[in-house]
Amino acid sequence: MTDSKTKSNAKDSKQAKLPAKNNFSEWYHELLITAEIIDNRYPVKGMCVWFPFGFAIRKNVYSIIRELLDPDHQETQFPLLIPENEFMKEAQHIKGFEDEVYWVTRGGTAPLEVNLALRPTSETAIYPMFKLWIRSHADLPLRIYQIVNTFRYETKHTRPLIRLREITSFKEAHTVHATWEEAAEQVEVAIKRYSEFYHRLALPFLVSRRPSWDKFPGADYTTAIDVIMPDGRTLQVGTAHHLGSTFAKTYEITYEAENGEQKLVSQTCYGISERCIAALLSVHGDEKGLVLPWEVAPVQVAIVPILLGDKEKVLSVCRELQEKLGAARMRVKLDTSDERPGAKFYKWEMKGVPIRLEVGPRDIEKGVVTLARRDGAKKAVPMVALVEAINQEAQELQLVLYGRAKKFNEGRVKEVGSIEEARSQTEAGVALVPWCGEVDCGHQLEDQVGANMLGEPQYQIFSEAACAVCGKKSTVRTYMARQY
RNA sequence: GGGGUUGUAGGGUAGCCUGGUCCAUCCUACAGCGUUCGGGACGCUGUGACCUGAGUUCGAAUCUCAGCAACCCCA
């Protein structure tokens, strides 16, 4: 604390640079403000304002989600308010959420006859409608999603984009199937789509089956996706739940099978929130600011004119380039603001712009532009082949980002054999721990390691090892980490 | 769930311990004008703040209490 104070006072610290990234928490907060992602000065705890620039990132990120879901899901929207009687129907579900629900109890000055819950999630809003919509096997499968805000009265420490009382960007999908097996397949499909989503954000991740005590309230099981943050803690950035027929029973969602029998449906739901953006910014960003993958950058190419000599000439060349790149459907910004080039470079680096073009008299003379990539690579490119060159560089940048993140990710996961080792590994990373699978041993693991169990890694097979608690031989492993 | 720290212009800060020197310091930002422009330009002129409420006091940025908010650590 005192250190950073004296540091910012001392020397010629003319410009606000970000704190070192190994001081993750401080770096993260500064980044959100300086790069104009979100403003957490709104005077209600756990509720933040999206800056237009941050919202533009959100738009691009969520359009990937839409693109991935739209082929076989329908986007829809349900109300924010849920009547108390519907909300209170599913006992397990209530247990999981009732401490976190905001209630609307008055209309104007008069008390409401039926209190209304602000959705903490929308199962209890959607499923009564599913009962009305679903009559026959021909109505199945049904797959819908919505992107909405949800409210949770968090008692833990709130954090911008990570732990909020208003989640502004909750994408929740809900699917209905004829059989349990079909629903199980849908959970796999969901994880596959999310995998592709995170791959496009150049983010590596872990997939695991949550332990029984940490599954979604009312679910048969929960599969989750976690990203390892720069400080080694994990952030849950996606979940897919097999709901079995729990809600179907409660909300009487049945269909008429081909043989005329009335059967309960099987359901799934799966969600992603703005935490995906927290992960995106945190994993790729550096001390100069954001580093954004091409696909989600609000500004993909920034053109900085070097106004020397014939200024009009330089500007007109820049405008031509801007038009040309715009025609190639790139998001281009020509920076004509009254700053010197160096200041503009820093500004656009803070904003995570993947490609910067510098255009000055020297370049024009040679028929080139100077192309600088956000990861530092810099080269002269002939103007006639500019579009192709940019596309090429954008692809390479994507590979660099993914490679870098992958390396970090792999360096932070380690197989361990004992509780001692697990404890030290989870100080700044993820431990892969042998576990017999018993609930008792699981709780003891969490207690003694001082970290949470993420669950069994999916799509991996392990050899036999002794459970770190009871010593029983087992092929089961579990990830353990300190979680956000 | 438990503990701790903090709240002064848009951002970062000095002042608080020891009440009056403060119509509040410095950096940055912002506005206007001019000179500039190949990695954070400079000059001149301006703009802008003591979280809210109550209390103590002749007098509160400073002390006390409460509220709100933010951050950190531990379970």
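A, B, ... follow the sequence lines: proteins, then strands. Residue 1 opens every chain.
- In this structure, A:W213 and A:H443 have tilted ring planes: the angle between them lies in the 30° to 60° band.
- Residue contacts shown for A:G46 are limited to sugar-phosphate atoms, with no base heavy atom under 4.0 Å away.
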Exercise for the section: Check the pair A:D226, A:Q236 against side-chain hydrogen bond (donor to acceptor under 3.5 Å, both in side chains), reporting the backbone distance first and the verdict last. Expected result: CA-CA 4 Å; A:D226 297 278; A:Q236 174 178 301; over 6 Å; no

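- For the pair A:I33 CD1 and B:G10 P, the computed distance is 13 Å after rounding to whole Å.
- Summarising the geometry, the separation between NZ on A:K156 and P on B:C73 is reported as 14 Å, rounded to the nearest angstrom.
- Using a 4.0 Å heavy-atom distance criterion, A:K311 is classed as a base contact.
- With both pairing distances under 3.5 Å, B:G34 is matched to B:C42 as a Watson-Crick or G-U wobble pair.
- Note on ring orientation: taking the six-membered ring where Trp is involved, the planes of A:H242 and A:Y221 are tilted (angle from 30° to 60°).
- For A:I306, whose side chain is taken as the heavy atoms from C-beta onward, the closest listed nucleotide among B:G38, B:U36, B:A69 is B:G38.
- Following rounding to the nearest Å, A:D310 (CG) and B:C37 (C1') show an atom-to-atom distance of 15 Å.
- Using a 4.0 Å heavy-atom distance criterion, A:P305 is classed as making no nucleic acid contact.
- Spacing between B:C23 and B:C50 at atom P, rounded to whole Å, works out to 14 Å.
- Counting heavy atoms from C-beta outward, A:I303 and A:D335 have side chains that stay 4.5 Å or more apart.
- A salt bridge does not link A:E323 to A:R319: none of the charged side-chain nitrogens sits closer than 4.0 Å to a carboxylate oxygen.
- Computed from coordinates, the A:K313 NZ to B:C37 P distance equals 20 Å when rounded to whole Å.
- Of all nucleotides present, only B:U52 satisfies the Watson-Crick or G-U wobble test against B:A66, with each distance under 3.5 Å.
- Residue-level contact check: A:H29 touches the backbone only, with heavy atoms under 4.0 Å from sugar-phosphate atoms and none from bases.
- Nucleic acid contact for A:R356: base, since at least one base atom lies under 4.0 Å from a heavy atom of the residue.
- Summarising the base pairing, B:C71 is matched to B:G4 through a Watson-Crick or G-U wobble pair whose two defining distances lie under 3.5 Å.
- Between A:R340 and B:A41, a side-chain N or O to OP1/OP2 separation shorter than 4.0 Å is present.
- By the stacking rule of 5.5 Å between ring centres and under 30° between planes, A:Y346 stacks on the base of B:G40.
- Closest approach to the A:P160 side chain among B:G38, B:C71, B:G39 is made by B:C71 (side chain taken as heavy atoms from C-beta onward).
- Rounded to whole Å, the C1' atom of B:G4 lies 46 Å from the corresponding atom of B:C42.
- B:C30 atom C1' lies 12 Å from atom CD of A:E339, rounded to whole Å.
- Using a 4.0 Å cut-off, some side-chain N or O of A:K45 falls inside it from OP1 or OP2 of B:A70.
- Between B:A60 and B:U21, the distance separating the two C1' atoms is 15 Å to the nearest Å.
- Residues A:S169 and A:R58 have side chains that bring a donor and an acceptor to within less than 3.5 angstrom of each other.
- Under the Watson-Crick or G-U wobble criterion, with both distances below 3.5 Å, B:U57 has no partner in any strand shown.
- For B:G39, the base has a donor-acceptor partner in the side chain of A:E349 [N/O atoms by modelled type, under 3.5 angstrom].
- Side chain A:T370 to base B:G38: a donor-acceptor pair is found below 3.5 Å.
- Remark: A:E295 engages A:R200 in a salt bridge, criterion side-chain N to carboxylate O under 4.0 Å.
- On a pure distance criterion of 3.5 Å, no polar donor-acceptor pair joins the side chain of A:R41 and the base of B:G11.
- Between A:G450 and A:A343, the residue anchored nearer the 5' end of RNA chain B, judged by the nucleotide with its closest heavy atom, is A:A343.
- Separating the P atom of B:G53 from that of B:C68 is a span of 15 Å, rounded to the nearest Å.
- Taking atom NZ on A:K378 and atom P on B:G38, their separation rounds to 11 Å, with Å as the unit.
- Using atom P as the reference point in both B:A70 and B:A49, the two lie 24 Å apart (nearest Å).
- The partner of B:C22, taking Watson-Crick or G-U wobble pairs whose two distances both stay under 3.5 Å, does not exist in any strand shown.
- Taking side-chain N and O atoms only, A:T34 has no distance below 4.0 Å to OP1 or OP2 of B:G11.
- With rounding to whole Å, A:F24 atom CZ is found 13 Å from B:C71 atom P.
- Under the Watson-Crick or G-U wobble criterion, with both distances below 3.5 Å, B:G10 is paired with B:U28.
- Across the interface with RNA chain B, nearest-nucleotide mapping of A:A372 and A:D447 shows A:A372 to be the residue nearer the 5′ end.
- Taking atom C1' on both B:U57 and B:A14, the two are 26 Å apart, rounded to the nearest angstrom.
- Atom C1' of B:U28 sits at a distance of 31 Å from the matching atom of B:C73, rounded to the whole Å.
- Under 4.0 angstrom from either OP1 or OP2 of B:C71 there lies at least one side-chain N or O belonging to A:N40.
- Closest approach of A:M453 and A:D214 over heavy atoms only: O-OD2, 4.5 Å.
- Between A:L32 atom CG and B:C71 atom P there is a gap of 10 Å when expressed in whole angstrom units.
- Taking the P atom of each, B:G11 and B:A29 are spaced 15 Å apart, rounded to whole Å.
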